[in-house]
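For reference, the structure discussed in these notes is given below.
Numbering starts at 1 and runs along the sequence shown. The model shown is predicted, which means the values in this text are computed figures rather than measured ones. FYI, side chains are in, hydrogens and waters are out, and symmetry mates aren't considered; it's all heavy atoms of this structure.
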Amino acid sequence: MKKAVIVLVVLAVVAAGAGWFLSAPTKLSEAQLAAIAEGDASQGELVFWAGGCTSCHAAKDAAGDDKLKLGGGLRLETPFGVFVAPNISSSTADGIGAWSLADFANAMTHGTSPDGRNYYPAFPYTSYARMSGEDIGNLFAFMKTLPSVNGKTPPHELGFPFNIRRGLGLWKRLFLDPSPVIAAPSSGNEVDAALWDRGRYLVEGPGHCGECHTARNFAGGLDLAKWLGGAPAPTGEGRIPDITPVDGGFGSWSASDIAYYLESGFTPEYDSVGGEMVHVQENMAKLPASDREAIAAYLKAIPPVAPTAN
């Protein structure tokens, strides 16, 4: 009996050690960081709008230049608890003004804070991990030009076990993957390859469209087999639509319909954009027309998700 107890204790210690090791926050390697240089703020502005930073981090109903005041505070109510968007302004005391480029890159690609903690995936680093080093450098340069906003936001409101950040390291091992979600169309497909690639990059990376339009599993990870096939709203109110090319609905829109919707906010039926999509559309309207066309080309060429699979 004594030997059995000792064996169990040893196994428990080994398991705890393995869990501690596997859940450790990760960062970019020195070689990877060396390949990321602080870039061009003017180019970073385009990345900023593509990434929708203002939608979560500006004050509610902010307009005009106030959209660039990223003091945070938005409450995201989810089945796991309430997440509060942080201050990401250039404030050195309360925002990210004291961050280095390495700090920023590690947060964007690995969901790891400057002090070595795991970020919750309410911050969509699972999508931002697909961004290029050039865009991360450009975005960081632009973020440094934005106004400083004083004040820290309240902490997240999470119960056990979701309040244990360390466990997110294991979650990341399951769901943080920087590889593309959708394979490129075959060479025989009548799709402009460069345009489609750009669309995939914008949708799967900075645009993080899948974070809302894709169903999640019990652990909160995206079900990639149902990519962009619609999902329950995180707030529990309504449903976020399927934006794959299924028959009827969004699938009946042409590529030009989609591009025009992202520019103007008007559907082919002359309805106007509503709900949370208002912010997304306003951000997309600031991108070059070629980027909106690229997004449309991608959405028209991805596999449809049957309604019964949602």
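- Looking at Arg216, its side chain does come within 3.5 Å of a backbone N or O of Glu211 through a donor-acceptor pair.
- Leu46 belongs to no hydrophobic cluster with other residues, because no ILVMFWY side-chain heavy atom falls under 4.5 Å from its own, directly or through intermediates.
- In this structure Ser55 satisfies the side chain to side chain contact (heavy atoms under 4.5 Å, CB included) test together with His279, Asn283, sequence neighbours excluded.
- By the 6.0 Å contact criterion, CG on Asp271 is enclosed, its count of non-hydrogen atoms from other residues, nucleotides or ligands being greater than 12.
- Proximity of Met143 to Ile96: side-chain heavy atoms (C-beta onward) are separated by under 4.5 Å at one or more points.
- Side-chain contact, Ser127 with Glu204: no donor N or O sits under 3.5 Å from an acceptor N or O.
- In this structure the side chain of Gln43 never reaches within 4.5 angstrom of the side chain of Val47, judged on heavy atoms.
- The main-chain N or O of Arg165 is never found under 3.5 Å from a side-chain atom of Arg117 such that the two would form a donor-acceptor pair.
- Taking all atoms of both residues into account, the shortest heavy-atom contact from Leu28 to Asn106 is N-OD1, 2.7 Å.
- For the residue pair Lys172/Asn118, the side-chain donor-acceptor check at 3.5 Å is satisfied.
- When each of Leu228, Val305, Val203 is paired with Ile243, the side-chain contact (heavy atoms from CB on, under 4.5 Å) condition holds for Leu228 and for no other.
- For residues 194-220, the pairs satisfying ring pair (Phe, Tyr, Trp, His ring centres under 6.0 Å) are Tyr128-His208, Trp196-Tyr298, with sequence neighbours left out.
- By the side chain to side chain contact (heavy atoms under 4.5 Å, CB included) test, Ala297 is found to be paired with Leu195, residues two or more places apart in sequence or in another chain being considered.
- Leu202 has its side chain within reach of Asp291: a pair of non-hydrogen atoms, C-beta onward, lies under 4.5 Å apart.
- In plain terms, the two heavy atoms of Trp171 and Ala219 that are nearest each other are NE1-O, 3.0 Å.
- Nearest heavy-atom pair across Met131 and Pro206 is CG-CD, 3.7 Å.
- One finds the NZ atom of Lys286 at 8.0 Å from the CD atom of Glu45 (value rounded to the nearest 0.5 Å).
- Side-chain contact check for Arg166 versus Pro25: some heavy-atom pair is nearer than 4.5 Å.
- Considering only residues two or more places apart in sequence or on other chains, Ser256 meets the side chain to side chain contact (heavy atoms under 4.5 Å, CB included) condition with Ser254.
- By the 4.5 Å heavy-atom criterion applied to side chains, Ile36 and Leu101 are counted as neighbours.
- Aromatic ring orientation, Tyr125 versus Phe123: perpendicular (interplanar angle above 60°, classes split at 30° and 60°).
- Side-chain contact check for Leu222 versus Phe175: every heavy-atom pair is 4.5 Å or farther apart.
- Between Arg198 and Glu293 there is no salt bridge, since no side-chain N of the basic residue sits under 4.0 Å from a carboxylate O of the acidic one.
- Taking CG of Asp242 as the reference point, atom CD1 of Ile240 lies at 12.0 Å (rounded to 0.5 Å).
- At most 12 heavy atoms of other shown residues, nucleotides or ligands fall within 6.0 angstrom of atom NZ in Lys69.
- Sorted by first and then second residue, the ring pair (Phe, Tyr, Trp, His ring centres under 6.0 Å) pairs with a member in residues 41-85 read Phe48-Phe142, Phe80-Phe162, Phe83-Tyr120, Phe83-His156; sequence neighbours excluded.
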